Amino acid sequence: MKFVDEYRDADAAAQLTRLIHRTVSRPWTIMEICGGQTHTIVKSGLEQLLPHQITLVHGPGCPVCVTPVSKIDTAVALAKRPEVIFCSFGDMLRVPGSAQSLLDAKAEGADVRMVYSPLDALRIAKLNPDREVVFFAVGFETTAPGNAMAVWLAGREGVANFSMLVSHVLVPPAIEAILSAPECRVQAFLAAGHVCTVMGYEEYEPIAERYRVPIVVTGFEPLDLLEGIRMAVAQLETGRAIVENQYARSVQREGNRTAQERIREVFEVSSREWRGIGEIPQSGLRLRQRYSLWDAEQKFRMAVVSVPESSDCQAGLVLRGLLKPHECPAFGKQCTPQRPLGAPMVSSEGACAAYYQYGKS
Ligand code: SF4
C-alpha cells in the first residue's frame with residue numbers, strides 16, 4: 001500500500017537500526033510526544049531493536065489522557081440534562097470522571113452519541129432544533145481546525161442550539177513544562193508529525209535553542225520513528241540542538257496557514273489544566289468572546305470545579321516520561337482496559353493501553 005508498506009520495510013528498518021547502533025556511544029533518553037507514535041513503537045517492538053543505551057519515554061500527546069477529571073464531570077453533568085444531546089468522539093466515552101463516565105451516563109438514559117466529526121454534531125443540531133446539541137471538543141492542534149470550522153459554520157448559519165465543551169491543549173507549552181521540571185530526564189523529543197502538519201515547527205525552534213534539546217518532527221510508521229530516533233541521536237552525539245523535519249512528506253516549516261487562520265478566528269490561547277500534570281500556562285485554546293454563544297460552559301452556566309485525581313493512578317508520571325506504564329503498581333492488576341483506573345489505559349492512544357495490548361510487561 002502506497003505510503004504504508006514502504007515505511008514498514010524490514011530491510012530498511014535493519015539498516016536504520018545498524019546506523020543507530022553505530023552512532024550511539026552513551027545513554028540517551030528520548031521522548032516521543034504523540035500516543036500514536038507510542039503505539040507504533042510498542043506494537044512494532046522498536047525499543048527492542050535499539051541499543052541498550054537508548055531509553056524511549058512516552059509523552060503527554062494523548063488528548064483523551066490529558067483531559068482533566070473536572071472536564072469529564074462537566075461533560076457528564078451536561079449529558080444528563082434532559083434537553084441535551086451530548087456528542088463525543090468514541091474514545092472519550094469510557095474515560096472515568098470522579099464518579100461516572102459518559103458511558104455510565106448513557107447507561108442511565110442520557111442521550112450520549114458517538115460521532116466521527118464535529119460537523120456530524122452540527123448536523124444533529126440542525127435535525128433536532130428543539131434539543132440542545134453539545135460537542136465535546138478535545139484534542140491537540142490536529143483537531144482544532146475541524147472544531148473551529150464547526151463553530152464558525154454554526155455562527156454563519158445561525159445554528160443556536162449547537163455548542164461546544166472545549167478542552168483543547170497545545171504541544172509546545174507542554175514540552176516546555178516537561179523541560180522546566182527539575183526531575184526532567186528527557187534529552188531529545190520526537191515531535192508529532194500531524195500537529196506540525198497543521199502548525200508547522202517554527203514554534204519549536206526557540207524551545208530547542210533555549211533548552212539545548214534536539215527536536216525531530218517525526219511521522220507515525222515504524223521507519224519514520226527509527227529515522228526520527230536516528231536523527232535525534234546524531235544531534236545528541238554531536239552536541240547539536242536544532243529542529244529537524246523527518247516527516248517532510250507532510251510537514252512544512254510554516255504549516256497550514258489556512259487552518260491556522262481558522263483556529264485563530266474562533267479560538268484564543270488560554271491556560272489549561274492537564275490531567276495528571278496540573279495547570280500549564282498558555283497551553284490551551286478557548287472560544288473567543290465573539291463565539292461565546294457556542295460555548296457550552298457559558299451557555300449552561302457550568303461552574304468550574306477542580307477535582308482531585310485518583311491517587312491510585314500514576315498517569316501524571318507516565319505522561320511526563322518519569323514512569324513506564326508497566327512500572328505502575330496497578331498495571332494489569334487493578335487497572336486493565338476492561339476496568340481502567342486512568343485515561344492512559346482507556347484511550348486508543350494511551351501508553352498504558354499500548355503496553356497492555358501488545359504485551360509489554
Ligand atoms: S496503568 Fe492504569 S493506574 Fe497505572 S498509570 Fe496507567 S492508567 Fe493509571
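Every number for a ligand or one of its atoms is a count from 1 in the order of the listing. Not measured: the values here are computed from a predicted model. All residue numbers in this chain count up from 1 along the given sequence.
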Legend entry - Closest approach of any protein heavy atom to atom 6 (Fe) of ligand 1, naming residue and atom: C352 SG, 2.3 Å
Legend entry - Atoms in ligand 1 with a heavy atom of M345 nearer than 4.0 Å: 7 (S)
Inset, instruction - Enumerate the atoms of ligand 1 whose separation from the nearest heavy atom of C328 is less than 4.0 angstrom. - result: 1 (S), 3 (S), 4 (Fe), 5 (S)
Legend entry - Any N, O or S atom of C335 closer than 2.8 Å to atom 4 (Fe) of ligand 1: no
Legend entry - Numbering as shown, the atoms of ligand 1 that approach G342 to under 4.0 Å (heavy-atom distance): 7 (S)
Inset, instruction - For the residue pair H58 and P344, establish whether any side-chain heavy-atom pair is separated by less than 4.5 Å. - result: no
Inset, instruction - Please test F86 against F136 for ring-ring contact (aromatic ring centres under 6.0 Å, His included), starting from the C-alpha separation and ending with a verdict. - result: CA-CA 8 Å; F86 195 91; F136 202 0; 5.7 Å; yes
Legend entry - For atom 8 (Fe) of ligand 1, the protein heavy atom that lies nearest, with its residue and separation: C313 SG, 2.4 Å
Inset, instruction - Kindly indicate whether a cation-pi arrangement holds for R253 with Y204, taking the cut-offs as under 6.0 Å to the six-membered ring centre and within 45° of the axis. - result: no
Inset, instruction - Verify the ring-centre separation between H194 and F220: is it less than 6.0 angstrom? - result: yes
Inset, instruction - May I ask you to say whether E202 pairs ionically with R257, meaning some side-chain N is under 4.0 Å from a carboxylate O? - result: yes
Inset, instruction - Could you tell me if any non-hydrogen atom of A315 lies under 4.0 Å from any atom of ligand 1? - result: yes
Legend entry - Residues E268, R286: salt bridge by 4.0 Å N-O rule: yes
